[in-house]
Every structure is written in C-alpha cells, then in structure tokens.
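As the structure is a prediction and not an experimental result, all values here were calculated from the model.
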Amino acid sequence: MEGDKKSSSVSDVGAWAMNIISSVGIIMANKQLMSANGYAFTFATTLTGFHFAVTALVGLVSNATGYSSSKHVPLWELFWFSIVANMSITGMNLSLMLNSVGFYQISKLSMIPVVCVMEWILHNKHYSREVKIAVVVVVIGVGVCTVTDVKVNLKGFLCACIAVLSTSLQQITIGSLQKKYSIGSFELLSKTAPIQALSLLVLGPFIDYYLSDKSLLNYKMSSGAILFILLSCALAVFCNVSQYLCIGRFSAVSFQVLGHMKTVCVLTLGWLIFDSELTSKNISGMILAVVGMVIYSWAVEVEKQSSMKAYINVKNSLTEEEIRLLKGGVESNPVKDIELGETKG
C-alpha cells in the first residue's frame, strides 16, 4: 500500500515535470522559429496542425505495435471535443492578435476561476476556502509579473471570451472522457489528434493568412526552419501527452494553477537565454505565484486527507447489523447492467 502510494507520487511528479519541460521547450523553440530575428515562420495555427499530425502518427504506430490499446469512444464525442479544442486554439491566436499583451495575459489568468465555475455547474464540484485563497494568490502573482499594458476592444474581448470558455471546457472534457470511458490519456489523445490535425491543416493556412496577412505558399523554407519545425513537433507530442496525463491524474483546476509554473520558467529562461529584462516587479510576482502554488498543493492534500477521514468515520459508524443487512440486500437483489438495463444471471 505504501509502495503504491510512493509509486503514484513519483508518477505525478513525472507527469508535471514532463509537462513543464516540454511546454517551456516548445515556447523557446517556437520563439526562435516564429520571431523576426529567427526564421519568421508566423503560421501558428498551421504549426499546431503539424503538431497534432505528428502526435496522431505516434499514436498510430503505438497502436499498431501493441504498445497501447484502443477503446471505443463515440465518434460524435470525439468530433465535439475536437471542435471545442480547435475553437480554443483559434480563439487564443485571434485574442493575441486583436488584444494588447496585458489583456491577453488577463484572459489567460481568468481561466482558473472560469474552470472552477464550470466544474461547479457541470459536476457540482465545491472547493475549500484554502483552495480558493491559493487560486487568488496565484492569479495575483502571475498577474503582477506578466500584465503590463491593458487595452480592450469589442472584437478582441469577444475572441478572448470564446478562447477562455472553449479552453476551460476542453480541459474539463479531457478528464470527463477519461473517467467516462475508462480510457488512458495517450489512448484518448490518439483518437482526437487525427481529427484535430486534419481540420487544422485544412483551415490553418486561411486563419494564419487572416492573422498575419502572409501566405504559407510564399514562405521560403530553409533547413534551419525545418529543423525547428521538427523540434517543435517532437516537443508537442510530449506536451500533448503530458497535458492529458496531468488532467486525467489531477483536475483541470490543478492543471491551470500549477501550470503557471511554466510562466515563471519562461520568464526566467527568457532572462537567462534571450537577455530579456527582469524587473523587481517580475521577481516579486513570480515569488508570490510560487507561494500560491505551494499553498494550493497543500490545500488539495488537506482536502484529500479530510475526505479519506470522513469516509473511514462513516464506514466505522456502521453497526455489524447494518453491514449484514446491506450485504444481504446486495446478495438478494439481482444486479442490473447499467449500460443495457438487463438483469444479470
């Protein structure tokens, strides 16, 4: 029992480490690939299509070699999820183009409370006071170190709303589908990636032309650009897998809160590698964000222990007579198949 708990903790840390390292790596690779000082490949939506195409290919090879198994998920649910996920990607790109960087960062920070509210509405999930305080501390901390100029316009605001709602719904749906169909993170990703890849590769060039006023057909591909595209795609596989893995093991809220560690890492690496300016405001915000993440981790652990104690108390409060009656009721009543509504033997 103790060994299983230790193994689970190691797996949790591994999932988070994979997500943070791959996410920060892909941001750095894309910065070199897309910046004017780099290779000026400004086709973000099409690049995301490449990411999912490579992820789908890895999933196909994994299934073919028997490394992973394929479980049934209704096609309409896969299409629904892919539509929401693509709206998230497109909405984020449009929000970044139409809004100031400050408002874009605020919209990203708003995902934490939005996810909380959506989980409360959809799954009747409640949060302790400690968790709420930790979320507020993280939001303030990341806001202090990232938000600068804030300019709002109607089109940008609408795009930001669509991006926030669709991203929050996408992350909640990942966890719901995994629980509903008892499917692993990689198996679910293998099913959704081909649909997302096909739709983004078809629509991506048009969306990118609208965003940057540049055509992919006119881009002069170099060996350096190809190398960074391949690096970005390789990192995207780990990033996508770890995202599904983290949400499946924890929750969408935990993924959002602890995911802001990536923001802290990106700011720090930007200062170390790209000589970006790091002010006292940035540093104080990062420290506050990290403190908030520590408080959140502690609060979630306290919630788990409280739930476990409550379960043990309820179990111990049952008398032997009540347990005997419960067992007798289960044995005397026929068991029904919930899926088919039929009585089993």
Side-chain angles (χ1 to χ4, degrees), residues 19 22-61 78-99 101 104 107-108 155-156 158-160 162-164 166-167 169-171 174 188-244 262 266:
N19 185 255
S22 59
S23 297
V24 173
I26 202 171
I27 289 169
M28 294 297 164
N30 288 352
K31 186 168 184 177
Q32 179 63 25
L33 178 64
M34 302 178 77
S35 67
N37 296 327
Y39 295 100
F41 187 87
T42 56
F43 312 100
T45 313
T46 306
L47 181 63
T48 308
F50 293 155
H51 290 168
F52 280 108
V54 173
T55 303
L57 182 63
V58 171
L60 189 67
V61 171
L78 295 176
F79 271 114
W80 155 249
F81 173 81
S82 299
I83 289 168
V84 172
N86 287 350
M87 282 177 64
S88 165
I89 293 163
T90 307
M92 279 295 181
N93 288 339
L94 286 170
S95 176
L96 183 58
M97 183 192 78
L98 296 171
N99 295 310
V101 175
Y104 175 74
S107 68
K108 285 181 72 177
K155 283 173 68 176
L158 291 173
C159 286
I162 292 169
V164 169
S166 56
T167 303
L169 184 59
Q170 177 217 7
Q171 292 180 357
I174 289 172
L188 179 60
L189 180 60
S190 299
K191 288 181 176 295
T192 58
I195 302 170
Q196 287 187 256
L198 183 63
S199 54
L200 287 171
L201 288 174
V202 171
L203 299 174
F206 298 101
I207 295 168
D208 289 330
Y209 182 76
Y210 173 74
L211 290 170
S212 62
D213 201 28
K214 293 178 183 177
S215 172
L216 181 63
L217 296 174
N218 296 331
Y219 180 76
K220 292 181 180 179
M221 196 70 73
S222 65
S223 57
I226 292 171
L227 179 65
F228 270 89
I229 288 171
L230 292 174
L231 176 61
S232 180
C233 289
L235 289 166
V237 173
F238 290 101
C239 190
N240 288 329
V241 170
S242 60
Q243 180 188 5
Y244 280 57
K262 291 176 279 191
V266 167

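The distance from atom CE of Met92 to atom OG1 of Thr167, rounded to the nearest 0.5 Å, is 4.0 Å. Once rounded to the nearest 0.5 Å, the distance linking CG of Asn86 with CZ of Phe52 reads 7.5 Å. Atom CD of Gln32 sits about 10.5 Å away from atom CG of Leu227, to the nearest 0.5 Å. Between atom OG1 of residue Thr42 and atom OH of residue Tyr219 there is a gap of 8.5 Å, rounded to the nearest 0.5 Å. With rounding to the nearest 0.5 Å, the separation of CG in Leu203 from OG1 in Thr90 is 7.5 Å. A distance of 9.5 Å separates OG in Ser23 from CG in Leu235, rounded to the nearest 0.5 Å.
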For this session: Please report the C-alpha distance between Gln196 and Thr55 in whole Å, then the side-chain angles of each, then the deciding distance to 0.1 Å, and finally whether the side-chain contact (heavy atoms from CB on, under 4.5 Å) criterion is met.
Result: CA-CA 10 Å; Gln196 287 187 256; Thr55 303; over 6 Å; no

For this session: Evaluate side-chain contact (heavy atoms from CB on, under 4.5 Å) for Phe50 paired with Leu201, printing each intermediate quantity in order.
Result: CA-CA 7 Å; Phe50 293 155; Leu201 288 174; 3.5 Å; yes

For this session: Walk me through it: do Ile226 and Leu230 pass the test side-chain contact (heavy atoms from CB on, under 4.5 Å)?
Result: CA-CA 6 Å; Ile226 292 171; Leu230 292 174; 4.1 Å; yes

For this session: Quick one: do Asn93 and Ile207 satisfy side-chain contact (heavy atoms from CB on, under 4.5 Å)? Show the steps, please.
Result: CA-CA 9 Å; Asn93 288 339; Ile207 295 168; 5.6 Å; no

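The closest donor-acceptor contact from the side chain of Ser242 to the backbone of Cys239 lies under 3.5 Å. Side-chain N or O atoms of Ser166 include one that pairs as donor or acceptor with a backbone N or O of Ala163 at under 3.5 Å. Judged by distance alone, the side chain of Thr48 and the main-chain N or O of Ala44 form a donor-acceptor pair under 3.5 Å. A side-chain donor-acceptor contact under 3.5 Å links Ser82 to the backbone of Leu78. Remark: the backbone N or O of Asn19 is paired with a side-chain donor or acceptor of Ser22 at under 3.5 angstrom. Using a distance-only test at 3.5 Å, with no hydrogens or angles considered, no donor-acceptor pair links the side chain of Asp208 to the main chain of Leu216. Checking side-chain atoms of Ser95 against main-chain N and O of Gly91 turns up no donor-acceptor pair under 3.5 Å.
Counting all heavy atoms, side chain and backbone alike, Val54 lies closest to Cys233 at CG2-CB, 3.7 Å. Taking both residues in full, the closest heavy atoms of Gly204 and Thr46 are given as C-OG1, 3.3 Å, listed atom of the first, atom of the second, then distance. In terms of heavy atoms, Gln243 sits closest to Ile174 at NE2-CD1, 4.2 Å. Residues Ser35 and Lys31 approach most closely at OG-O, 2.8 Å, considering heavy atoms. The shortest non-hydrogen separation linking Ser232 to Ile26 is O-CD1, 3.5 Å. Leu200 and Gly49 get closest at one heavy-atom pair: CB-CA, 3.7 Å.
Between Val58 and Val241 the shortest side-chain heavy-atom distance does not fall below 4.5 Å. Annotation: side chain of Leu188 is not in contact with side chain of Phe81 (no heavy-atom distance under 4.5 Å). The shortest side-chain heavy-atom distance between Phe43 and Ile229 does not fall under the 4.5 Å cut-off. Side chains of Met87 and Leu169 form no contact here, defined as non-hydrogen atoms less than 4.5 Å apart.
Lys191 NZ: more than 12 foreign heavy atoms inside a 6.0 Å radius. A 6.0 Å sphere centred on OH of Tyr209 holds no more than 12 heavy atoms belonging to other residues, nucleotides or ligands.
Residues passing the side-chain hydrogen bond (donor to acceptor under 3.5 Å, both in side chains) test with Ser190: none are found, sequence neighbours excluded.
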